[in-house]
Undergrad: 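Right, I'll just put the structure down here and ask away after.
Just so you know, these numbers come straight off a predicted model, no measurement behind them. FYI, the numbering just counts along the sequence from 1.
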Amino acid sequence: MKYQLPQRLQKLVPYQPIQGDYEIRLDANESYFNLKPEQLALVEEKLCTVSYHRYPDPYAEEVCRVYATLYGVRPEAIVAGNGSDELIGILAGTFFDTGDRVAVFEQDFSMYRLYMELYGVSCVTLPKRADLTIDVDETLRAIQEQGITALIFSNPCNPTSLGLSRKEVLRLIEGTDALVILDEAYMDFWDQSLLDVAEQYDNLIILKTCSKAIGLAGIRLGLAISNPTLVRCMKAAKAPYNVNRLTQAFAEVLLQDAEYLQSAADTLVQETNNLYQGIEKLAKEYSAIGVIYKPCTNFVFFEVEHAKELYEALLAESITVRLMGNHLRVSTGSPAENKCFLQALELILKRRNAQ
Ligand SMILES: *Cc1c(COP(=O)(O)O)cnc(C)c1O
């Protein structure tokens, strides 16, 4: 029989991050802190001891121990992945039967739907309120009515930057038997984490990443935290050597410095707040700027007229942000980068008004 690509693959195109040499990158929510010389020196020392000719520890146990200490969870409750992206892929690819229906919110992190569709899992979209917050009662009703078996969402949310309180998330988890995959990629910037109860529910998996507040997007490390049954299943379903020795070595060294990581996260929160206020100030003068969402993250999401034109004008100034319909999502950069962004935005808005 002649091989045919599955329908769902035929129209699929490779992920296209913004490419090219732009001076100010505010499009991917990365931390603007690269490693300090002292950190690099520690890593360098560690890298001399790595057995590069051997496969890595399949469960990255030392990484899990260090991570567990940092976040106050048990190491046994953690599964390490090649970025949380890989973990989302593993869940999408192995945790669902035909007939299962997985719910995602509109809007939320686009990778959830992408992975579900890639693996042929049927995906249902649940709405948010007009102000982009999550209505827990509505969501529970929809889960019940539409026979949904799992819900995956980010909290705080990418791209809206909004957070759902711990109390509300708990009400959601306790109100359903569906599996809840709670992506806390940005929770280091807010204080409503559920990590301390990750093991207490049959139906909860929490995802974390080292790509945002931890500032290690380049090494690819994500973590899933859950109860023993689901942890065992994720460990069994993943590729044996999914987290390489270099990544493990980096993480073992760099995740030890809790004090530094906290201060970096605090700074990012402060800078995000400054960026938010800067945009608010512009909104008073330029009516093109609509709703600006109060961020619980390291980026600001705001509504703006002619968003695409603005986005392209910023690109022309060598500044990248993320265009999302009639909104822009701007990651916080360094104080100098944020200042450049705000100045460029003001200039572009002024130019447009003069037309
Ligand atoms: C950035 C991000 C991730 C992180 O993905 P990694 O693969 O760990 O880099 C996960 N979830 C959300 C919502 C994100 O914005």
Undergrad: Rounded at 0.5 Å granularity, tell me how far CG in Leu261 sits from CG in Leu254.
TA: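 Between atom CG of Leu261 and atom CG of Leu254 there are 8.0 Å.
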Undergrad: Go through the steps to decide whether Tyr201 and Glu174 satisfy the test side-chain hydrogen bond (donor to acceptor under 3.5 Å, both in side chains), and finish with yes or no.
TA: CA-CA 8 Å; Tyr201 293 92; Glu174 289 171 4; 2.4 Å; yes
Undergrad: Could you tell me whether Asp131 atom CG has more than 12 heavy atoms of other residues or ligands within 6.0 Å of it?
TA: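 More than 12 within 6.0 Å, yes.
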Undergrad: Does the pair Glu252/Lys46 count as a salt bridge with the N-to-O cut at 4.0 Å?
TA: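 Looking at Glu252 and Lys46, the cut-off is met.
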Undergrad: Can you check side-chain contact (heavy atoms from CB on, under 4.5 Å) on Asn227 and Gln200, steps first, answer last?
TA: CA-CA 7 Å; Asn227 65 60; Gln200 290 174 22; over 6 Å; no
Undergrad: Do the side chain of Arg220 and the main chain of Thr247 share a donor and acceptor less than 3.5 angstrom apart?
TA: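 A pair under 3.5 Å: no.
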Undergrad: Below 4.0 angstrom, N of the basic side chain to O of the carboxylate: do Lys208 and Asp188 qualify?
TA: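 Salt bridge present between Lys208 and Asp188.
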Undergrad: Does Asp202 CG have over 12 foreign heavy atoms under 6.0 Å away?
TA: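 Check fails, neighbour count at 12 or below.
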Undergrad: With the threshold set at 4.0 Å, does a side-chain nitrogen-carboxylate oxygen contact exist between Glu280 and Lys284?
TA: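 Salt bridge absent between Glu280 and Lys284.
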Undergrad: Hey, which of Asn338, Asn298, Asn29, Thr272 is the one that makes side chain to side chain donor-acceptor pair (under 3.5 Å) with Ser331?
TA: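 With Ser331 as partner, Asn338, Asn298, Asn29, Thr272 yield a single side chain to side chain donor-acceptor pair (under 3.5 Å), made by Asn29.
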Undergrad: Could you tell me whether Tyr52 atom OH has more than 12 heavy atoms of other residues or ligands within 6.0 Å of it?
TA: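 More than 12 within 6.0 Å, yes.
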Undergrad: May I ask you to say whether Glu309 pairs ionically with Arg352, meaning some side-chain N is under 4.0 Å from a carboxylate O?
TA: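 Judged by the 4.0 Å cut-off on N to carboxylate O distance, Glu309 and Arg352 do form a salt bridge.
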Undergrad: Might you work through the side-chain contact (heavy atoms from CB on, under 4.5 Å) test for Leu246 and Leu47, ending with a clear yes or no?
TA: CA-CA 7 Å; Leu246 287 168; Leu47 290 182; 3.7 Å; yes
Undergrad: Which of parallel (below 30°), tilted (30 to 60°) and perpendicular (above 60°) describes Tyr115 and Tyr119?
TA: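 It falls in the parallel class, under 30°.
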Undergrad: Fit a plane to each ring of Tyr293 and Phe301, take the angle between them on a 0 to 90° scale, and name the class: parallel (under 30°), tilted (30 to 60°) or perpendicular (over 60°).
TA: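 Rings of Tyr293 and Phe301: tilted, as their planes differ by 30° to 60°.
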Undergrad: When the aromatic ring centroids of Phe299 and Tyr186 are compared, is their separation below 6.0 Å?
TA: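 Here the rings of Tyr186 and Phe299 have centres that are less than 6.0 Å from each other.
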Undergrad: Are Lys212 and Glu30 within salt-bridge range, i.e. N to O under 4.0 Å?
TA: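 Here Lys212 does not pair with Glu30 in a salt bridge, since their nearest N and O are not under 4.0 Å apart.
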Undergrad: So among Val300, Val330, Ile24, which one has a side chain to side chain contact (heavy atoms under 4.5 Å, CB included) with Phe341?
TA: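 Considering Val300, Val330, Ile24, a side chain to side chain contact (heavy atoms under 4.5 Å, CB included) with Phe341 is found only for Val330.
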Undergrad: Does Lys281 pair with Glu285 as a salt bridge, N-O distance under 4.0 Å?
TA: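 No.
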Undergrad: Could you walk me through whether Ser122 and Asp100 pass the side-chain contact (heavy atoms from CB on, under 4.5 Å) test, one step at a time?
TA: CA-CA 7 Å; Ser122 88; Asp100 280 342; over 6 Å; no
Undergrad: For Asn273, does the CG atom have more than 12 heavy-atom neighbours from other residues, nucleotides or ligands under 6.0 Å away?
TA: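 Correct, the count exceeds 12.
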Undergrad: Tell me whether the count of non-hydrogen atoms from other residues, nucleotides or ligands lying under 6.0 Å of CD in Gln144 goes above 12.
TA: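 Counting other residues, nucleotides and ligands, CD of Gln144 stays at 12 neighbours or fewer.
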Undergrad: Phe302 versus His327: any side-chain heavy-atom pair under 4.5 Å?
TA: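 No, side chains not in contact.
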Undergrad: Do the side chains of Val197 and Ile173 get nearer than 4.5 Å, heavy atoms only?
TA: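 They are not in contact (no side-chain heavy atoms under 4.5 Å apart), so the answer is no.
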Undergrad: Salt-bridged, Asp27 to Arg322, with N to O below 4.0 Å?
TA: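 Looking at Arg322 together with Asp27, the answer is no, because their closest N to O distance does not fall below 4.0 Å.
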Undergrad: What closest approach, in Å, do Cys210 and Leu223 show between heavy atoms, and which atom pair accounts for it?
TA: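 Looks like SG-CD2, 4.1 Å.
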Undergrad: With a 4.0 Å cut-off, would you call Asp196 and Arg166 a salt bridge?
TA: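 The answer is yes: the pair qualifies as a salt bridge.
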Undergrad: Closer than 3.5 angstrom, by distance alone: can the side chain of Asn82 be matched with the main-chain N or O of Glu86 as a donor-acceptor pair?
TA: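 Side chain of Asn82 to backbone of Glu86, a donor-acceptor pair under 3.5 Å: no, none is there.
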Undergrad: Checking Asp135 side chain against Lys128 main chain: does a donor-acceptor pair fall under 3.5 Å?
TA: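 No, because the side chain of Asp135 does not come within donor-acceptor range (under 3.5 Å) of the backbone of Lys128.
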Undergrad: Within the structure provided, determine whether Met324 and Tyr311 are in side-chain contact (heavy-atom separation under 4.5 Å).
TA: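 Contact flag for Met324/Tyr311 side chains = no.
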Undergrad: Glu106 versus Pro127: any side-chain heavy-atom pair under 4.5 Å?
TA: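 Side chain of Glu106 against side chain of Pro127, heavy atoms only: no contact under 4.5 Å found.
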Undergrad: Salt bridge (charged side-chain N to carboxylate O under 4.0 Å, His left out) between Arg245 and Asp57: does it pass, once the steps are laid out?
TA: CA-CA 8 Å; Arg245 275 193 187 268; Asp57 173 356; over 6 Å; no
